[in-house]
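Comments concern the structure below.
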Amino acid sequence: QVQLVESGGGLVQAGGSLSLSCAVSGRIFRSNVMGWFRQGPGKEREFVAVISRSGISTIYADFVKGRFTISRDNAKNTVYLRMNSLKPEDTAVYYCAAGNLYATNFQAFGYWGQGTQVTVSS
């Protein structure tokens with residue numbers, strides 16, 4: 001059974017940093033592209049970042065470029081999202097996802113975590 005479990009969310013002041021982790025169980029991690037998405041209050045789910053199977057290639061949403069960094073450790077079956085210079089508009093539930101395609105649309109990802117809340121206060 002495949003499980004994705006996010007951790008590391010919380011409350012932080014604007015300008016602060018948080019690191020999210022997503023541990024993946026089951027034999028899918030190394031063969032899957034990993035992504036992070038988020039859903040803010042009253043908003044649709046949106047793409048944040050994606051990383052290739054090898055970890056060499058990444059894509060970021062424009063609104064996080066230069067602030068967020070996605071990485072993965074294939075030995076630990078874990079993907080990370082380091083978030084710096086956080087803004088109140090980054091407040092959302094953050095989801096990690098696994099999929100077969102190196103893509104930015106959520107439809108390309110078949111496995112999802114339960115989400116972790118990130119709240120940025122002004």
Side-chain angles (χ1 to χ4, degrees):
Q1 184 176 356
V2 176
Q3 284 189 317
L4 287 71
V5 180
E6 300 99 334
S7 61
L11 174 64
V12 65
Q13 288 189 332
S17 299
L18 279 176
S19 290
L20 305 183
S21 299
C22 174
V24 182
S25 63
R27 297 182 178 182
I28 68 161
F29 187 77
R30 295 188 185 189
S31 62
N32 272 249
V33 169
M34 297 299 300
W36 286 95
F37 292 77
R38 70 184 188 185
Q39 188 165 13
K43 297 182 180 180
E44 294 184 350
R45 189 170 301 191
E46 61 183 356
F47 166 75
V48 175
V50 64
I51 189 166
S52 63
R53 294 173 180 81
S54 66
I56 293 176
S57 300
T58 56
I59 302 173
Y60 294 93
D62 287 344
F63 53 79
V64 303
K65 282 182 180 177
R67 301 190 297 126
F68 291 11
T69 302
I70 187 171
S71 61
R72 65 190 293 165
D73 187 335
N74 285 348
K76 296 182 178 179
N77 286 3
T78 302
V79 62
Y80 306 95
L81 186 68
R82 175 65 178 178
M83 304 183 293
N84 295 327
S85 302
L86 283 162
K87 306 174 181 179
E89 51 264 44
D90 293 320
T91 295
V93 177
Y94 283 72
Y95 299 89
C96 72
N100 292 321
L101 298 177
Y102 186 57
T104 61
N105 55 303
F106 72 85
Q107 295 91 339
F109 292 80
Y111 300 99
W112 291 84
Q114 82 289 349
T116 185
Q117 177 69 48
V118 171
T119 302
V120 185
S121 63
S122 57

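Numbering of residues begins at 1 and proceeds along the displayed sequence.
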Side chain to side chain contact (heavy atoms under 4.5 Å, CB included), paired with N32, selected from V24, L101, N100: N100
According to salt bridge (Lys or Arg N to Asp or Glu O under 4.0 Å), does anything in residues 107-120 pair up with another residue at least two apart or in another chain? List the pairs. none
Taking disulfide (SG to SG under 2.5 Å) as the cut-off, I'd like each qualifying pair that reaches into residues 1-96, sequence neighbours left out, listed once. C22-C96
Does any pair with a residue in residues 43-102 pass ring pair (Phe, Tyr, Trp, His ring centres under 6.0 Å), and if so which ones, sequence neighbours excluded? F37-F47
Strictly distance-based, threshold 3.5 Å: is any side-chain N or O of E6 a donor or acceptor partner for the main-chain N or O of Q114? yes
Any heavy-atom pair between the side chains of R45 and W112 that's under 4.5 Å? yes
With a 4.5 Å cut-off on side-chain heavy atoms, are T91 and Q117 touching? yes
State plainly whether one hydrophobic cluster holds both V93 and L81, where clusters connect Ile, Leu, Val, Met, Phe, Trp and Tyr through side-chain heavy atoms under 4.5 angstrom apart. no
List the atom of A98, the atom of I28, and the distance in Å for their closest heavy-atom pair. CB-CD1, 3.9 Å
Does anything in residues 90-102 form a salt bridge (Lys or Arg N to Asp or Glu O under 4.0 Å)? List the pairs, not counting sequence neighbours. R38-D90, R67-D90
Once rounded to the nearest 0.5 Å, what's the spacing between atom CG of N77 and atom CD of Q3? 13.0 Å
Strictly distance-based, threshold 3.5 Å: is any side-chain N or O of R53 a donor or acceptor partner for the main-chain N or O of S31? yes
Any donor-acceptor N/O pair, S122 side chain to P88 backbone, under 3.5 Å: no
Report whether V12 and V48 are members of the same hydrophobic cluster (ILVMFWY, side-chain heavy atoms less than 4.5 Å apart, transitive linking). yes
How long is the straight-line distance from CD of E46 back to OG1 of T104, given to the nearest 0.5 Å? 11.5 Å
Where M34 and V79 come nearest, the two heavy atoms and their spacing: CE-CG1, 3.8 Å
Please report the interatomic distance OG(S57) to CD1(I70), rounded to the nearest 0.5 Å. 11.5 Å
Please confirm whether the backbone N or O of I51 pairs with a side-chain atom of T58, one donor and one acceptor, at under 3.5 Å? no
What side-chain donor-acceptor pairs closer than 3.5 Å can you find for residues 13-21, not counting sequence neighbours?
| from | atom 1 | to | atom 2 | distance (Å) |
| --- | --- | --- | --- | --- |
| S17 | OG | N84 | OD1 | 2.9 |
| S19 | OG | R82 | NH1 | 2.8 |

State which residues pass salt bridge (Lys or Arg N to Asp or Glu O under 4.0 Å) with K65; sequence neighbours excluded, sorted by chain then number. D62
Keeping R72 on the side-chain end and V33 on the backbone end, is there a donor-acceptor pair under 3.5 Å? no
Under a 4.5 Å cut-off applied to non-hydrogen side-chain atoms, are K76 and F29 in contact? no
